[in-house]
Participant: 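Below is one structure. I have some questions about it.
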Amino acid sequence: MFSQRRYVILLKISFAPLRLCEILTIPSFMNYHFNEIEKKWQDYWAKNQTFKAENNSTLPKYYVLDMFPYPSGAGLHVGHPLGYIASDIYARYKRHKGFNVLHPQGYDSFGLPAEQYAIQTGQHPALTTEENIKTYRRQLDQIGFSFDWSREVRTSDPSYYKWTQWIFIQLFESWYNNDTNKAESIETLTALFASEGNKNVNAVCDDHIESFSASDWNAFSSEKKQEILLKYRLTYLAETEVNWCPALGTVLANDEIVNGVSERGGHPVVRKKMTQWSMRISAYAERLLQGLDTIDWTESLKESQRNWIGKSVGAHVEFRVQSSEFRVSVFTTRPDTIFGVSFMTLAPEHDLVSKITTSEQKQKVEAYIQATAKRSERDRMSDVKKISGAFTGAYAEHPFTKEAIPIWIGDYVLAGYGTGAVMSVPCGDQRDYDFAKHFNIPIPNIFEGVDISEEAYVSKDNVIIANSDFLNGLSYKEATKKVISELEKLNQGEGKTNYRLRDAVFSRQRYWGEPFPVYYVNGMPQMIDKKHLPIRLPEVEKYLPTETGEPPLGRADVWAWDTEQCSVVSNQLIDNKTVFALELNTMPGWAGSSWYFFRYMDAHNDEAFASEESLSYWKDVDLYIGGSEHATGHLLYSRFWVKFLKDRGFVSIEEPFKKLINQGMILGTSALVYRIEGTQKFVSKNLIGDYKVQEIHVDVNFVNASDEMDIEAFKVWRSDFESAEFILEDGKYIVGREVDKMSKSKYNVVNPDSICEQYGADSLRLYEMFLGPLEQAKPWNTAGITGVNGFLKKLWKLYVGDNGLNVTDSEPTPDNLKTLHKTIKKVEEDIENFSFNTSVSTFMIAVNELTAQKCTSKAILEPFLVLLSPYAPHITEELWSQLGHDESISRASFPEFDASHLVESTKNYPISFNGKMKFTLELPMDLSAAEIEKAVMAHEKTMAHLEGRTPKKVIIVPGKIVNIVG
RNA sequence: GCUCAAGUGGUGGAAUUGGUAGACACGUUGGAUUCAAAAUCCAAUGUCGCGAGACGUGUGGGUUCGAUUCCCACCUUGAGUACCA
């Protein structure tokens, strides 16, 4: 692993470089020249469109998809292709197994980094994106993926985002009917309104919608109607409190915020009221939850979606506020504890606060509200433990006892969840308990035989309610049922299910995203007619949003859409009599990625996002591979859009991704050198001792497999190290190691280009799989690649000898057959279970065995190539063609496993035990009678324990029972 | 705090209806080849012990003829989530 430079020096000082001689004197076909082979077959595949998938076939379909990449400027490092290699192996395997495989690739090419780069350099994001895609494509091509590039999609391509805009219009023209439990055309809603008003409409919609009759509706003005409908549409415009990130100049969705700061850049985020487009994903909360049970995803991923959806079952309860008209409505999961309520708490932002606060308490309450408003989201999160609050002076009335309950405000109650108010039961909730203790509020105990002197009793299990009138003696379940029915009688509550899932904000104040197909007339949003799509991004002079949040599209004078309607809607005509204005926000990053898997089915369709035929043929993604960072973003939004498209009859599937695998991240192994503080002396790792040293990351390419650093390369690396001195151990400088994320700043990035150059793509593919289990995070270490590289060289030698091809028509020996068939069995099992790492070992063992057996039989060596070809497609393709095949090896079918080649010749030894039970011992033929005797004797005791069980077949080897077969 | 996942040699990791722990690879050591290096090949390589042998899968218990595997408690690490009523 020495650098190229060092290698050149070695060549120079050696006057008879043997390697060159070898190359000069020996015919080239004898050695494994991966560079030539890989180039040759990559060109062949491209030219022959070997992996082009057809939309109709008598073969069964199989759709293997990777999460498409965002083409960043840095290009690929060795961590990126991991998932692509795994999916490629699976796709190639499925082709061998006789499936019509769809395995496409594309780019999620709208996004913030291209825009940031544009802001800094003034270069148009489309240009940098194009450049980056070229680099990605070159890097992907050299790894030998079997993608069908004829179906490539780019989310920033107008012919693609035309359909993203189209789907947006569909969402706008739909509402969610709870009675039919699906989205319907907005026309069915207006028909209902016109015939019976909104009394009987059971829709997912905004809160606080006034009720109206049919005649009211028919009398409403057009604007009024639009305003009402907006509250029902699946994408709607609303003034909501959003996560505003001033540094990025845009709003962020909940899943784009990590620990109170923006996921990208780590900038602070504040709450701000803005008018924004939102997606009514909450309508689908229950179906998104239920659907998880029908798909084959990892439990942990399902769990994080379940947490995100956050279903909680409980009750909605209303408390009258004494001597006023107001009611405080709360959501609780513990209605059974209603007799334990000793106070109520409202979020400081709650609407009622200003209305019910008494004049004596006004000053304190206002001071408290101001103090909490000042604290950012992050501060509020960081001192969770601090208890604070204020008494409003108002009292609520208990629905059953009619006792007065003081109403407090406190910032431990969140305005955004439930109703923003809670009924506080200190004996049953720890936060209520702490609050009560802090403000000396009574803590009545309503649990039988439970000590609450130190903390609240929060468990729902093994609890008997006491001191609770008609609930006494009941369990949690019984009491909950009972109290809900009593509340319903009083018309002061009902059973309710709450979800944590919020509607998703869909507007971004950015340039590099999909424009909305929207214009406004008198403030009301209108969809631009579908025939004018796509609405293209206009040219602007500056890509930066303004500080106040005005989107960069506002700078556009001319919109690049040359239709009649354009001239009507264009901003230039804003002074006309009717005021038209375009929507200037763009869509968020997840818009384009929420449906791209359908576009691959029919990527060039101009009439629809995909034809009905292609949609009904390919249906859904059978296998989806990608990182787990999309658990609550992309994977949830995609499922939402698919369910919506199904409801409206555009697709026939309920879930887009049948099986999903998260590949683990490949980490970098950083190398560290130790500089003695204040000097230019570097001390080798094991000699640090008492020196005070400073750790410095050094380029991993200067370090070999035994952690020895190339000192010369280090010195020329950076000018300030030119005069470096070294304290060596055994003449070597040994570096320290540390595992980090791969990043430029740690100098631990390994580029697939240089790996392909030095060892070849087949080695890279095998090694990435060999590193460890697909789903696990694991550090990269280039040193180990010599192992798989050596394997490929051995493989080549097995097929190609000094005098040409080693393969003959000779009969395979039983040993040959055994090696082949155990390999078939293992590899097939491994691929089906996605344990690609262990099959690499299996191949190595097989090649060693076949080499030792001096196997030349075509009947063995030919099917063996097919087994290996998903993993190492280039070398197998080359050998396949040398064996005389005209067609690509990818057309060959997977060899059939035949168990008879694995079974040792056996003889059954029926033995009886205690004169009653009979066991059949299957033993290898070559076992001597004495050994059998010994085996049975050694397990006399064991047998005794088996007595009384159903007789079984016992397979044993000397000294041990290996298996008990039922 | 809660939820989930995982702890095995110097390193990455094998081993499941409970049955020879450490496959395979890296690294290390020794040898062959070479003027020399690279490459290649052979051998050794869990720990202790000259050896027979003993010990050994995070810790402590349990079930079992038998536990890396199953159960309980704990410790550690990683990921997600966080005042969700």
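Both backbone and side-chain heavy atoms feed into the values below; hydrogens, waters and symmetry mates do not. Letters go in sequence order (proteins before strands), and every chain restarts at 1.
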Participant: Any side-chain N or O of T298(A) under 4.0 Å from OP1/OP2 of A5(B)?
Facilitator: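 For A5(B), neither OP1 nor OP2 has a side-chain N or O of T298(A) closer than 4.0 Å.
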Participant: Find the distance Y476(A):OH to A85(B):P and express it as a whole number of Å.
Facilitator: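 From Y476(A) OH to A85(B) P: 10 Å.
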Participant: Would you measure the distance from the P atom in G58(B) across to the matching atom in G12(B) and give it in whole Å?
Facilitator: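 Those two atoms are separated by 14 Å.
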Participant: Reading RNA chain B 5' to 3', how would its secondary structure be written in dot-bracket notation, given Watson-Crick and G-U pairs with both distances under 3.5 Å, brackets [ ] for crossing pairs and | for partners on other strands?
Facilitator: (((((((..(((......[....)))((((((.......))))))(((....)))..(((((..]....))))))))))))....
Participant: Taking the same atom, C1', in U69(B) and in A6(B), what whole-Å distance lies between them?
Facilitator: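 My reading of the C1' atoms in U69(B) and A6(B) gives 15 Å.
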Participant: Whole Å only: how far is the CG atom of L771(A) from the P atom of G12(B)?
Facilitator: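 Atom CG in L771(A) sits about 11 Å away from atom P in G12(B).
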Participant: Classify the nucleic acid contact of S841(A) as base, sugar-phosphate or nothing, counting any heavy atom under 4.0 Å across all strands shown.
Facilitator: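 Base: the residue S841(A), judged by heavy atoms under 4.0 Å, touches a nucleobase.
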Participant: Can you identify which nucleotide, out of U40(B), C4(B), A85(B), has its nearest atom closest to the T333(A) side chain?
Facilitator: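 Of U40(B), C4(B), A85(B), A85(B) is nearest to the side chain of T333(A).
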Participant: Looking only at atom P, what distance separates G10(B) and G53(B), rounded to whole Å?
Facilitator: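 Here G10(B) and G53(B) have their P atoms 24 Å from each other.
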Participant: When the distance from CZ of R431(A) to C1' of C84(B) is rounded to whole Å, what number comes out?
Facilitator: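 Rounded to the whole Å, the gap is 7 Å.
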Participant: Taking only the P atom of each, what is the distance from U8(B) to U77(B) in whole angstrom?
Facilitator: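 About 14 Å, rounded to a whole number of Å.
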Participant: Distance check, C1' atoms only: U47(B) and A21(B), in whole angstrom units.
Facilitator: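 The same atom, C1', in both gives a distance of 14 Å.
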Participant: Between C26(B), A85(B), U81(B), which nucleotide has the shortest distance from any of its atoms to the side chain of T786(A)?
Facilitator: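 Per side-chain heavy atoms of T786(A), the pick is C26(B).
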Participant: Would you say a side-chain N or O of R502(A) is under 4.0 Å from OP1 or OP2 of C84(B)?
Facilitator: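 For C84(B), neither OP1 nor OP2 has a side-chain N or O of R502(A) closer than 4.0 Å.
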Participant: What integer number of Å spans the C1' atoms of A36(B) and A54(B)?
Facilitator: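 Between the two C1' atoms, the distance is 47 Å.
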Participant: Using the P atoms only, state how far A15(B) lies from A52(B), rounded to an integer number of Å.
Facilitator: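 Going atom to atom, P in each nucleotide, I get 31 Å.
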Participant: Knowing that exactly one of F339(A), Y457(A), Y476(A) qualifies, which makes a ring-ring contact (aromatic ring centres under 6.0 Å, His included) with F447(A)?
Facilitator: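 By the ring-ring contact (aromatic ring centres under 6.0 Å, His included) criterion, F447(A) pairs with just one of F339(A), Y457(A), Y476(A): Y457(A).
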Participant: Can you see if the side chain of Q776(A) gets near the phosphate of G13(B) - specifically, an N or O under 4.0 Å from OP1 or OP2?
Facilitator: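 Result: yes.
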Participant: Looking at side-chain heavy atoms only, is the closest gap between L501(A) and W308(A) below 4.5 Å?
Facilitator: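 Counting from C-beta outward, L501(A) and W308(A) do come under 4.5 Å.
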Participant: As a test of understanding, state which of D432(A), I405(A), T332(A), D429(A) forms a side chain to side chain contact (heavy atoms under 4.5 Å, CB included) with S424(A).
Facilitator: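 Going through the options one by one, the only one that passes is D432(A).
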Participant: Using a 4.5 Å cut-off on heavy atoms from C-beta on, say whether the side chain of Y871(A) contacts that of S839(A).
Facilitator: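 With C-beta onward as the side chain, the pair touches.
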Participant: Just label G9(B) as syn or anti from its O4'-C1'-N9-C4 or O4'-C1'-N1-C2 angle, using within 90° of 0 for syn.
Facilitator: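 In terms of base orientation relative to the sugar, G9(B) is syn.
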Participant: Using the benzene-type ring in the case of Trp, are the ring centres of F343(A) and F439(A) under 6.0 Å apart?
Facilitator: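 Not close enough - the centres of the two rings lie 6.0 Å or further apart.
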Participant: What heavy-atom pair brings V353(A) and P348(A) nearest, and what distance separates the two atoms?
Facilitator: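 Heavy-atom minimum between the residues: CG2-O, 3.9 Å.
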Participant: Measure from CZ on F791(A) to P on C24(B) and round the result to the nearest Å.
Facilitator: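 Those two atoms, CZ and P, are 14 Å apart.
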Participant: What is the distance from CH2 of W780(A) to P of U11(B), rounded to the nearest Å?
Facilitator: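 Distance check: W780(A) CH2 to U11(B) P gives 20 Å.
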Participant: Indicate the ring-plane relationship of F864(A) and F843(A), choosing parallel, tilted or perpendicular according to the 30° and 60° boundaries.
Facilitator: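 Correct class here is perpendicular.
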Participant: Can you tell me if K311(A) has over 12 outside heavy atoms packed within less than 6.0 Å of its NZ?
Facilitator: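 Counting neighbours around NZ of K311(A), more than 12 heavy atoms of other residues, nucleotides or ligands fall under 6.0 Å, so yes.
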Participant: Using a 4.0 Å heavy-atom cut-off, does N837(A) contact any base of the nucleic acid, only the sugar-phosphate backbone, or nothing at all?
Facilitator: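 Since only primed, P, OP1 and OP2 atoms lie under 4.0 Å of N837(A), the category is sugar-phosphate.
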Participant: Please determine, for the side chain of W308(A), which listed nucleotide (A14(B), U81(B), U3(B)) has the closest atom?
Facilitator: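 Nearest to the side chain of W308(A) among the choices is U81(B).
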Participant: Which nucleotide in the set C4(B), A15(B), U81(B) lies at the smallest distance from any side-chain heavy atom of T838(A)?
Facilitator: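 Nearest listed nucleotide: A15(B).
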Participant: Which nucleotide sits closest to the side chain of K794(A): G13(B), A85(B), C41(B)?
Facilitator: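 Closest nucleotide to the K794(A) side chain: C41(B).
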Participant: OP1, OP2 of A85(B) versus side-chain N and O of Y412(A): anything below 4.0 Å?
Facilitator: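 No, Y412(A) has no side-chain N/O under 4.0 Å of OP1/OP2 on A85(B).
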Participant: Does R306(A) put a side-chain nitrogen or oxygen below 4.0 Å from OP1 or OP2 of G80(B)?
Facilitator: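 For R306(A), the contact criterion (side-chain N or O under 4.0 Å from OP1 or OP2 of G80(B)) is not met.
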Participant: With nearest nucleotide decided by heavy atoms, which residue, T332(A) or E299(A), maps closer to the 5′ end of RNA chain B?
Facilitator: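 Taking each residue's closest nucleotide, the earlier one in sequence belongs to E299(A).
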Participant: Could you give the distance separating C2(B) and C74(B) at their P atoms, to the nearest angstrom?
Facilitator: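 My reading of the P atoms in C74(B) and C2(B) gives 11 Å.
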Participant: Among G80(B), A85(B), A14(B), which nucleotide sits nearest the side chain of S304(A)?
Facilitator: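 Minimum distance to the S304(A) side chain belongs to G80(B).
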Participant: Is there side-chain contact between V847(A) and F791(A), with heavy atoms separated by less than 4.5 Å?
Facilitator: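 Counting from C-beta outward, V847(A) and F791(A) do come under 4.5 Å.
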Participant: Rounded to the nearest angstrom, tell me the gap between atom CZ in R334(A) and atom P in A85(B).
Facilitator: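 The answer, rounded to whole Å, is 11 Å.
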Participant: What nucleotide among C84(B), A25(B), A15(B) has an atom nearest to a side-chain atom of N848(A)?
Facilitator: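 The answer is A25(B).
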Participant: Assess whether salt bridge (Lys or Arg N to Asp or Glu O under 4.0 Å) is satisfied between K437(A) and E454(A), documenting all intermediate values.
Facilitator: CA-CA 10 Å; K437(A) 270 265 152 98; E454(A) 290 301 322; over 6 Å; no
Participant: Nearest whole angstrom, please: distance from the C1' of C4(B) to the CG of N307(A).
Facilitator: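 Whole-Å distance recorded here is 9 Å.
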Participant: Roughly, in whole Å, what's the span from CD in E455(A) to P in G1(B)?
Facilitator: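 E455(A) atom CD is separated from G1(B) atom P by 13 Å.
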Participant: Just compare C4(B), A85(B), A25(B) and give me whichever is closest to any side-chain atom of M844(A).
Facilitator: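 My answer, after comparing the listed nucleotides, is A25(B).
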Participant: C26(B), A25(B), A85(B): which one has an atom nearest the side-chain heavy atoms of F770(A)?
Facilitator: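 Nearest to the side-chain atoms of F770(A), counting from C-beta on, is A25(B).
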Participant: Any idea which of G13(B), C83(B), A15(B) is nearest the K778(A) side chain?
Facilitator: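 Taking heavy atoms from C-beta onward, the closest nucleotide is G13(B).
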Participant: If you assign I845(A) and S835(A) each to the RNA chain B nucleotide with the nearest heavy atom, which residue ends up on the more 5' nucleotide?
Facilitator: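 Here S835(A) is the residue nearer the 5' end.
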